[in-house]
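Since the model is a prediction, treat every value here as computed from it, not as a measurement. We name chains A, B, ... by the order of the sequence lines, and we start the count at 1 in each one.
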There are 2 protein chains.
Amino acid sequence: MAAPSMKDVAARAGVSLGTVSNVLNRPDMVAERTRKRVVDAIAELGFVRNESARQLRGGTSRTLAYVVLDARNPFFTDVAAGAQQVADAAGLALYLCDGGEDRARQAMYLDLLEQQRVEGILITPVDADDPRIAALAGRGTPVVVVDRGAGPDRCSVSVDDVLGGDLAVSHLLDAGHRRIAFVGGPRSIGQVADRITGAQQALARADAEPLTVLETQRLDVAEGRRAGERLAGLPTSRRPTAAFCANDMLALGLLQQAVRLGLRVPEDLAIVGYDDIEFAAAAAVPLTSVAQPRQLLGRTAAELMLAEARHAMGHVHEQRVFEPELVVRDSTRLRPLGGVA
Amino acid sequence: MAAPSMKDVAARAGVSLGTVSNVLNRPDMVAERTRKRVVDAIAELGFVRNESARQLRGGTSRTLAYVVLDARNPFFTDVAAGAQQVADAAGLALYLCDGGEDRARQAMYLDLLEQQRVEGILITPVDADDPRIAALAGRGTPVVVVDRGAGPDRCSVSVDDVLGGDLAVSHLLDAGHRRIAFVGGPRSIGQVADRITGAQQALARADAEPLTVLETQRLDVAEGRRAGERLAGLPTSRRPTAAFCANDMLALGLLQQAVRLGLRVPEDLAIVGYDDIEFAAAAAVPLTSVAQPRQLLGRTAAELMLAEARHAMGHVHEQRVFEPELVVRDSTRLRPLGGVA
DNA sequence: AGCCCACTTTGGAACGTTTCACAACGGCCC
DNA sequence: GGGCCGTTGTGAAACGTTCCAAAGTGGGCT
């Protein structure tokens, strides 16, 4: 009843354990007749290699993982798709682990993955300074931080979020907005903090009111709706005329709720999102957004990880930084009125 | 340089191997002083448990996996979130594996997961009849098929896709449509086939033209756009007045492209999607869609899997079927004209 | 002083592989 | 007919844990 092992296969085929191993690992150094007998025995018994034992002996796992900030955000699954391409090509399996914006769960995954001796870990951390990450790397597991810059003792791939925030808000300023809100949080997430910094930097160059920050608990659609309610509730005189959201999930929620509560977008409220996920272009009002090279991010991250895993010694950590790009759509564009077809 | 093992810890703490094991697994049966010494040694050496060895000895992996049809489809990440809840509660780790609508990749993951002796596998298969799935289950790995019905020798959770297709098309028929297209594919995917069946079943009850099937290669936004082009290219006299899409990704792509090419939705083309993903409600024209209880699906799947894993013997396979629900929004609703604000 | 007991600690077997040095077996050539 | 070789197959060690039976320690009681 217990799962058959190589020993059982050997017994059944009337050969030694070593021979079974040879059939599995160096099939052409065993005579055709024996090979056949062993292969048959394997099939008859339904033998399945025990990866734990292999790994224990051999030391390597052919597996890598991407610990994602939130698997329900399409931005991250797009990044993951990029990493998957590289993993496929290298013959590695990629596991996606959903951190769910939850420190504890992320920590749990990191511990487990290290214990499992994966080849390497890509991670978009809840908290980039989590000492666990440094510890992991220190003990020899290749770690690449994704979508956040890292210090010189780690590889990272990121997009300049300060620049992104600046681009977004500069665009709004150019369009004449002077009272601008930022929607996003918690601030402890690095991307959020950087995007705020960028926004403020743009504001500082202009003659505008200071940034109103609507801090959220999470970066999802529901929180965006909640922000929409908060904004719509303000008296017109105090309501920001534009909102810059920390990501597209928030922006879509905000957009949806704003429209539902009777605000016109962009006339009453202009909206800029971040990430330019596929759904941004298809939104009620197509969403202006700061685009990041998602797949490239994922591919690069996986490549850096592989490089580190292969070279082990003498590996030089790289911090790749890409540039974001503003994609302007209707959510910030004043159109001639009544323009349906 | 090699990763330190329990043996190293034991040496450093001046105790035996067994004691280190006790500290790790039954801390309160070792004296406080010794425990402290061992804990310190662990910290000093940066010892990390080797999960392979543990598993080899102990036999169990505390891990489960969900092999998803396509991780970029928010429907599946929502299902996964449901499964994650249950996994968290049970103290298991959940790995997401992206099948990418690719048979070979899915097969690769199944093999690997079995070799890894995961506690169980949830899977939304590219091909529900893949013999590999039966084989897996036959050898004792608990398998739950998600979003597809299964035979009596397997657990499954699904939503009645035939009914869903019927609901969607009945709704269109009620709205007066007589020339209806189905967008989706490939047909080898069970959900697609069932939804077509449902659609045809509704049509058979009405006096309408047979279903025009626009078969796609994949179920993503890009293919939806392509379908939009195809539809818009048809002469008005032959163009369907309504499209039922196999999922919301397709529907959103179709919607986007149709609007871009000057078709009004729903006046020139009504659209019904499937899954009611979060972005459907936020679309350019809020999307009518067939909703499935996504999280519930995931939770139930994980629970069935756990039940099977725990009971091993005497487990009775269950096939849970849920009912879909039509959510009507603007993409099929003829409104009074000019209805802004 | 001698016993018993409870509490700690120890040593070694076992889990299922891979790897490696070496044995067995023909066959060939001189 | 003996020595050699190449081809196949074998056996045992090792990987890092967990678990268990058994040994060691000391204190309290008689």
Determine, for B/Arg12 against B/Asp8, whether the closest basic-nitrogen to carboxylate-oxygen distance falls under 4.0 angstrom. no

Under 4.0 Å between a Lys/Arg side-chain N and an Asp/Glu carboxylate O for B/Arg103 and B/Asp130? no

To the nearest Å, how far apart are [X] [atom1] and [N] [atom2]?
{"X": "A/Gln115", "N": "D/dG16", "atom1": "CD", "atom2": "P", "result": "15 Å"}
{"X": "B/Gln116", "N": "C/dG16", "atom1": "CD", "atom2": "P", "result": "17 Å"}
{"X": "B/Leu17", "N": "D/dC15", "atom1": "CG", "atom2": "P", "result": "12 Å"}
{"X": "A/Leu24", "N": "D/dG9", "atom1": "CG", "atom2": "P", "result": "15 Å"}
{"X": "A/Lys7", "N": "D/dT10", "atom1": "NZ", "atom2": "P", "result": "16 Å"}
{"X": "A/Asn50", "N": "C/dG16", "atom1": "CG", "atom2": "P", "result": "7 Å"}
{"X": "B/Asp8", "N": "D/dC15", "atom1": "CG", "atom2": "P", "result": "11 Å"}
{"X": "A/Met29", "N": "D/dT8", "atom1": "CE", "atom2": "C1'", "result": "7 Å"}

For A/Ser5, which contact category applies under a 4.0 Å heavy-atom criterion: base, sugar-phosphate, or nothing? sugar-phosphate

Heavy atoms under 4.0 Å, any strand shown: does A/Asn25 hit a base, just sugar-phosphate, or nothing? sugar-phosphate

What's the closest nucleotide to the [X] side chain, out of [options]?
{"X": "A/Ala31", "options": "D/dG9, C/dG16, C/dT9", "answer": "D/dG9"}
{"X": "B/Ser16", "options": "C/dG11, D/dG9, D/dC19", "answer": "C/dG11"}
{"X": "B/Arg26", "options": "C/dT19, C/dT10, D/dC19", "answer": "D/dC19"}

Counting only side-chain N and O atoms of [X], is one of them less than 4.0 Å from OP1 or OP2 of [N]?
{"X": "B/Thr34", "N": "C/dT9", "value": "yes"}
{"X": "A/Thr19", "N": "D/dG9", "value": "no"}
{"X": "B/Arg33", "N": "C/dT8", "value": "no"}
{"X": "A/Arg35", "N": "D/dT8", "value": "no"}

Heavy-atom nearest nucleotide on DNA chain D for B/Asn22 versus B/Ser52: which residue maps closer to 5'? B/Ser52

Given the rule in the side chain to side chain contact (heavy atoms under 4.5 Å, CB included) test, do A/Leu24 and A/Met6 qualify, once you have shown the distances and angles that lead to the verdict? CA-CA 10 Å; A/Leu24 257 23; A/Met6 283 175 46; 4.2 Å; yes

To the nearest 0.5 Å, atom CG of B/Leu94 lies from atom CD of B/Glu119 at 12.5 Å

To the nearest 0.5 Å, tell me how far A/Glu51 CD sits from B/Glu114 CD. 12.0 Å

